[in-house]
Amino acid sequence: MPDELTRMSAAGLAAAIAAGEVSALEVTDAHLARIGQVDEAVHAFLHVAADGARQAARTVDERRAAGEALGPLAGVPLALKDVLTTADMPTTCGSAILDGWLPPYDATITRRLREAGVVILGKTNMDEFAMGSSTENSAFGPSHNPWDLSRVPGGSSGGSAAAVAAFEAPLAIGTDTGGSIRQPAAVCGLVGVKPTYGGSSRYGLVAFASSLDTPGPLARNVLDAALLHEAMSGHDPRDATSVDAPVPPVVAAARQADVSGLTIGVVPELSGEGYQSGVLARFTEAVELLESLGAKVVEVSCPHFSYALPAYYLIAPSECSSNLARFDAMRYGLRIGDDGTASAEEVMSLTRAQGFGAEVKRRIMLGTYALSSGYYDAYYGKAQQVRTLIIRDFEAAFEQVDVLVSPTTPTTAFPLGERVDDPIAMYLADLCTIPSDLAGNAALSVPCGLAPEDGLPVGLQIMAPVLADDRVYRVGAAVETALDSRRGHELLDDAKGLAR
Amino acid sequence: MSGRAGAELVSFDEALSRYEPVIGLETHVELGTATKMFCGCPAQFGGEPNTFVCPVCLGLPGALPVASRAAIEYTIRIGLALNCTIADWCRFARKNYFYPDMPKNFQISQYDEPLCTDGWLDVTVDDPDGGGPRQFRVGIERVHLEEDTGKSLHMGGATGRIHGADYSLVDYNRAGIPLVEIVTRPVEGAGALAPAVARAYVSELRDLLRALAVSDVRMEEGSLRCDVNTSLSPRGSGRWGTRTETKNVNSLRSVERAVRFEIERQAAVLDAGEQVVLETRHFHEDTGATTAGRSKEEAQDYRYFPEPDLVPVAPSREWVEQIRASLPELPAARLERLRSVLLTERSISPADFEALRNAGALDLVLQTVSAGASAADARKWWLGELARQANATGTDLADLPITPDDVARVAALVAEGAINDKLARQVIEGVLAGEGTPDEVVAGRGLAIVSDEGALTAAVDEAIAANPEVVDKIRAGKVAAAGALVGAVMKATRGQADAARARELILTRLGQS
């Protein structure tokens, strides 16, 4: 029974709990047991809150016993990326500088999940301050890809993806700044969604790059992702950039799972040289599949997408150089060198030198330089102009098509250690995902098979206009349904390692 | 560089003979909104340290700012009152620098897109060389909105400054209080009046902000803070000199003294063939001198960029017009109205008008007149007894616990003969002491004039009997000597006699009427 529970979908678990077939506490205990079994090898979690999770599960059971109506995810366990604040659990952002910090408040998303009866199992590993594509930049050691423990689970939400792929949780929250939800979802064989920027609240999300950061769901299927999307989203008056509009009907769209009559655009700039052959093969098949399901497929050029990566690596570091200035040892977190003789400036300097990892320092320096007087126009200013051109590329494309598609990542999961000394190679993992971050539109990654050369999952990226999040679910669900029926079973059934 | 602290000075007149001063002022005003700029914490002065704080104003990881509509409205009010253009669209910007009292190590401010631009404020100063009042139009370059920082307290040192302190404490109650910065354009051509113009500008601005009810504008509590820029241009050179920025100028008098000192100091530097250093200087209240602070050449690069956590501010034209329509009568317009009413209709002399204006009593006098007093009586009480009381207690006239209605009633009681001036002063004293209305004080203290002829006659007879020499003088025709007997009567009646009636009775008794 416990093993069956961990293999169930979030929708299935919620239904079973609501029907009284299983208690929320049993479901939570099954997942805590699974974590105990596999997480030493996977290292998805930085903090497991067993007592808090069991208490939350008991509350759901009591509410059900009292005859209260439960929400669509009540009693379902979830893994929370350690970049969202939790008043009852430490929040480290994968950084030594915040080791042990207990926030005095819950993020809006944390609060909404609790109110929905979702059981938060713990906090997941991540690249430090969400900067990276492999979780190797975590101060607390990397997470491992459940498909092959010698490979990365992607990043920065690698811990969240690994937890879901290893059946430690049916759902997880990630955050996407340059692809940090979709890329780990793709390389772990999961569904990951970056909602429209502002569609999900950033209040309590420790900022990396404010104009890009977007929390979103990770799940093993499209409907589960949609259920979590609806539970976590909606206008938040505490976030000035939050969109004051209804949440797009993503659950209905996931159930619709139909592409007939849609026009789908293939972006030629997001394929070709530098892409793994198995990735391109699976992508091409997925496009053919969509056509066979009744969609019209056309090619749509987005000429400025080639400049997305360099523009991103000016905008994101610029914002991070300012956002991370607050980690100065004065009020919370690590404090180094405070021996009673050092000045405040010396303590700040020593703490930041020791508390931040190499990638974080690299980006702070890049950003500080790009914002400097005399360089601003040439770097930050120019990057913002490129951003505008990319937004226009999307707008022009969406005049012709309903959604755009591309591979989610140029390659499948790469081996741990392979790219740690080569930042540019690491940055290229986000080549296809960055344009939607810069433009703020919705995008989803759904598995589209395994690359024949390494047997690892490949992701199909589906991009829709701002606030048309429902479209990515509609198309994603259609692909998922068709592939599952063609295969005769779910993709994860083919998995090796702990993803099985 | 700091060795210039005790710089030699050139006398003010001599400095002015060779150099033309150019001044500019940057004024920070803490807004009196109920809550802080980007969160719901109370925006209050004082309070136990670190009690008016939350994740947002403490800059905790993950917390986000949301701009206060009230603070934006207040800023627009200020901009409109200063004749500025209000932006259709503008953004906040981050000003990045590290300091322990800055929770985020950046300040949310405005940079190249201020909310209000291109305005002016007229100020009047008296020309001591006899030119009479002269008006200067001070150009306003910009009015922008930002958040205040926390406050550092340096403990254990002798000076209260960071150097020599054992440790520092930070109070974040002030962090996030909305702060408006008002920047003038350079003011040229004021010559020897430059220090007075600087002072008059701050004074006028303070009155304006008070009338707008956007701030309590208390310089001593730091809700109005002023930086004064001064430079000297060699006469006839047509080029501006290097400026200094003087901080810690915390009173109107200090504004004037700081400009004067910088003129004298910079003249000495230039006379010696040296360069004025572009720097921040600190004003010292005790000595009236400025000393060198941070050099602007070593100044930090603030790496301004648009604040990505906030959306642009785009005040609709309808809203701006609503705010414009709701502006109260502004000091300049009010002054003109009062001048016309008091000078023409109420026959107050121009000199008295200026005296009332300087005492801040124009409104009070007008209200007292409206309550029925004569202009002369109103002027007499407000500039006399009440000004003395205000001075003695160190409060403003307007803050005295007496209303113009009360003063008008006191004047009426005197006019009716119910009390005399001496008793009136006691009545005022009673009202100020919280004993009630003038009538209540009169009743409570038993201050009514003795009009009982019997009691008065007895007192007069007593005085005549007790002062035979005076009586002789009066009988001999020295009527003026009666004053001494009147005094005796007043003393005997504890001031409650009607002095005129007493005099009449004395003269009648002595056969002199």
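Quantities reported herein were computed from a predicted structural model and do not represent experimental measurements.
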Exercise. Taking atom types as modelled and ignoring hydrogens, do the side chains of D309(B) and S210(A) form a donor-acceptor contact shorter than 3.5 angstrom?
Worked result: yes
Exercise. Given that the side chain runs from C-beta out, which part of T85(A) has a heavy atom under 4.5 Å from chain B: side chain, backbone, both or neither?
Worked result: side chain
Exercise. Are any of the side-chain heavy atoms of Y99(B) and M330(A) separated by less than 4.5 Å?
Worked result: no
Seminar exercise, completed: One option among C54(B), A67(B), G59(B) has the most heavy-atom pairs under 4.5 Å with chain A, and it is G59(B)
Exercise. Quick one: are the ring centres of Y376(A) and F305(B) less than 6.0 Å apart?
Worked result: no
For this session: Against chain A, label P100(B) side chain, backbone, both or neither, depending on which of its atoms sit under 4.5 Å from a heavy atom there.
Result: both
For this session: Pick one of side chain, backbone, both or neither for D213(A), based on which atoms fall under 4.5 Å of a heavy atom in chain B.
Result: neither
Donor-acceptor list for residues 35-42 of chain B side chains, cut-off 3.5 Å, not counting sequence neighbours:
from	atom 1	to	atom 2	distance (Å)
K36(B)	NZ	F52(B)	O	2.7
K36(B)	NZ	Y172(B)	O	3.4
K36(B)	NZ	N173(B)	O	3.0
K36(B)	NZ	A175(B)	O	2.9

For this session: Check whether any side-chain heavy atom of Y203(A) lies under 4.5 Å from a side-chain heavy atom of P55(B), and answer yes or no.
Result: yes
Exercise. Less than 4.5 Å apart, any side-chain heavy atom of Y302(B) and any of S372(A)?
Worked result: no
Problem set entry | R331(A) side chain to P103(B) backbone, donor-acceptor under 3.5 Å | yes
Exercise. Chain B contacts: which residues in residues 104-111 of chain A have a non-hydrogen atom closer than 4.5 Å to it?
Worked result: P104(A), Y105(A)
Exercise. Contact part of P103(A) toward chain B, heavy-atom cut-off under 4.5 Å: side chain, backbone, both or neither?
Worked result: neither
